[in-house]
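We count ligands from 1, going down the list as the structure has it; atoms in each ligand are counted the same way.
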Amino acid sequence: MTAPMDHKKALEHLKTYSSKDGLSVQELMDSNIRGGLTYNDFLVLPGLVDFPSSAVSLQTKLTKKISLNTPFVSSPMDTVTEAEMAISMALLGGIGFIHHNCTPKEQASMVKKVKMYENGFINSPIVISPTTTVGEVKAMKRKFGFSGLPVTDNGKCPGKLLGLVTSRDIQFLEDDSLAVSEVMTKNPVTGVKGITLAEGNEILKQTKKGKLLIVDENNNLVSMLSRADLMKNQNYPLASKSATTKQLLCGASIGTMEADKERLTALVEAGLDVVVVDSSQGNSVFQLNMIKWIKETYPGFEIVAGNVVTREQAANLIAAGADGLRIGMGTGSICITQEVMACGRPQGTAVYNVCQFANEFGVPCMADGGVQNIGHIIKALALGASTVMMGGMLAGTTESPGEYFYKDGKRLKAYRGMGSVDAVQKTGSTGNASSSRYFSENDHVFVAQGVSGAVVDKGSINKFIPYLYNGLQHSCQDIGHTSLTLLKENVKNGEVRFEFRTASAQLEGGVNNLHSYEKRLHN
Ligand code: IMP
């Protein structure tokens, strides 16, 4: 046996190897060797940790012109993204795409709600008219439980502010038929539209009132601040906002049918920042024509096109003018496309190939579907994606549409594919989003490409997104990178190394040999 080398020569000796340990991304993804890979099929090798995880920047690009502070995007699905999700996603540094399985009017009003949102301000307060009776106010109080109702001339917001009715105004009144105009406080404390949250809160503190009514220059009520919310108003330093209007960024989806042009017009008028042209197979003349029309009609408006999984599909959409691409076919958690259509691609390979091509043209890519944990997110980003779109991960949160229900002792919310029979049969939708996503609008028998199911209650994304954010920062720290930009650069030049994971390696990487355990993801 030869004597071991002097330990001080370890670094020098490292240089005698022709390449770094592990595989470059090109070697990992060489499809001639082992076929398509999913996120679970590989790992990223660790780097040097010489910085705190809090120093990691997750800044990234959604499209050519739109940057975000986090790579998190919520999917345009009717059990994932409506106004509440889109508002919270934007506040937390990501963006939500509002689904289009509804009328254009409904979708545009959701977009408007996001654009009008001001942190801490109640933009759609419940308002009463001067003729509302004391009895009606008492009933509303029992139903909704609030203590102050603004009174406007038309009973709406906006509307000329006439007064405020609080619990104290009606508490000891026995005549329920009295009109509120006779009992309301006629000169409530007001703030002028445009004041900051801090200024509004200061007025509330000074005046010791419960409600601050915000009015415009013509004394029209536009929003309201509530003392009860004062402590709850959080700061959102990562919020995704328009540089010019300071409003939250909002995305939405449309289909590729003629009627979708009118839909987009309504969305643009509502203030939309970016559109996803929603199709399970993006490489179609319908989508190419739609992109061209959008570019001609709304020059400078940002378009995310897709879905694609190959360079050839991507090339067509980039040539037509796409500002971002959405990657994934058949990998969503509610999806049966690969089974039914025999079409699709393992997501790791799809993300790598499309991103490698699109990034040459400065077109950022979104890895869409199949994300089940933080590890999957960092892998998608390491393979070249700039953002990740999530459906199942965000379904079942407080901010997702739908009511909770109980089954087998668990609190659940519905989550369904947009190609499921349930989504397609949704009543009241015009130009059904689901059928057009799957080119099925003329089918006599609908061929489903998705399932409907339920997911467990995940709590609020106010906790879940920060969990993902911290987790990603820690992951970048393990890989030895202080930003996603640097990580991508070093993946490209072969500095960041990967390892293929055999089936048994995947088992080894999971929890094993325990009698029982509880998996809690965060406190
Ligand atoms: P998840 O994050 O794995 O749940 O996947 C969500 C993604 O699945 C969406 O963003 C869509 O791209 C895709 N998707 C949505 N509905 C369907 C469907 O019915 N069939 C196939 N894919 C779907």
Partner residues of K458 under the salt bridge (charged side-chain N to carboxylate O under 4.0 Å, His left out) criterion, sequence neighbours left out: none
Can we say [X] and [Y] salt-bridge, meaning some charged N sits less than 4.0 Å from an Asp/Glu carboxylate O?
X    : Y    : answer
E495 : K20  : yes
R326 : D278 : yes
K379 : D41  : no

Run the ring-ring contact (aromatic ring centres under 6.0 Å, His included) test on F121 and Y117 for me, step by step, so that the C-alpha distance in whole Å, both residues' side-chain angles and the decisive distance to 0.1 Å come before the verdict. CA-CA 7 Å; F121 290 88; Y117 180 84; 9.2 Å; no
Has R411 got its NZ or CZ under 6.0 Å from the middle of the six-membered ring of Y404, at an angle within 45 degrees of the ring axis? yes
Under 3.5 Å, N/O to N/O: give me all the pairs between ligand 1 and the protein, one per line with atom names and distance.
| unit_1 | atom_1 | unit_2 | atom_2 | d |
| --- | --- | --- | --- | --- |
| ligand 1 | 2 (O) | G391 | N | 2.8 |
| ligand 1 | 2 (O) | G392 | N | 3.4 |
| ligand 1 | 3 (O) | S333 | N | 2.8 |
| ligand 1 | 3 (O) | G370 | N | 2.8 |
| ligand 1 | 4 (O) | S333 | OG | 2.6 |
| ligand 1 | 4 (O) | G392 | N | 2.8 |
| ligand 1 | 4 (O) | Y415 | OH | 2.6 |
| ligand 1 | 10 (O) | S75 | OG | 2.7 |
| ligand 1 | 10 (O) | R326 | NH2 | 3.3 |
| ligand 1 | 10 (O) | D368 | OD1 | 2.5 |
| ligand 1 | 10 (O) | D368 | OD2 | 3.3 |
| ligand 1 | 12 (O) | R326 | NH2 | 3.3 |
| ligand 1 | 12 (O) | D368 | OD1 | 3.4 |
| ligand 1 | 12 (O) | D368 | OD2 | 2.4 |
| ligand 1 | 12 (O) | R437 | NH2 | 3.1 |
| ligand 1 | 16 (N) | M418 | N | 2.8 |
| ligand 1 | 19 (O) | M418 | N | 3.1 |
| ligand 1 | 19 (O) | G419 | N | 2.6 |
| ligand 1 | 19 (O) | Y438 | OH | 3.4 |
| ligand 1 | 20 (N) | Y438 | OH | 3.0 |
| ligand 1 | 20 (N) | Q449 | O | 2.7 |

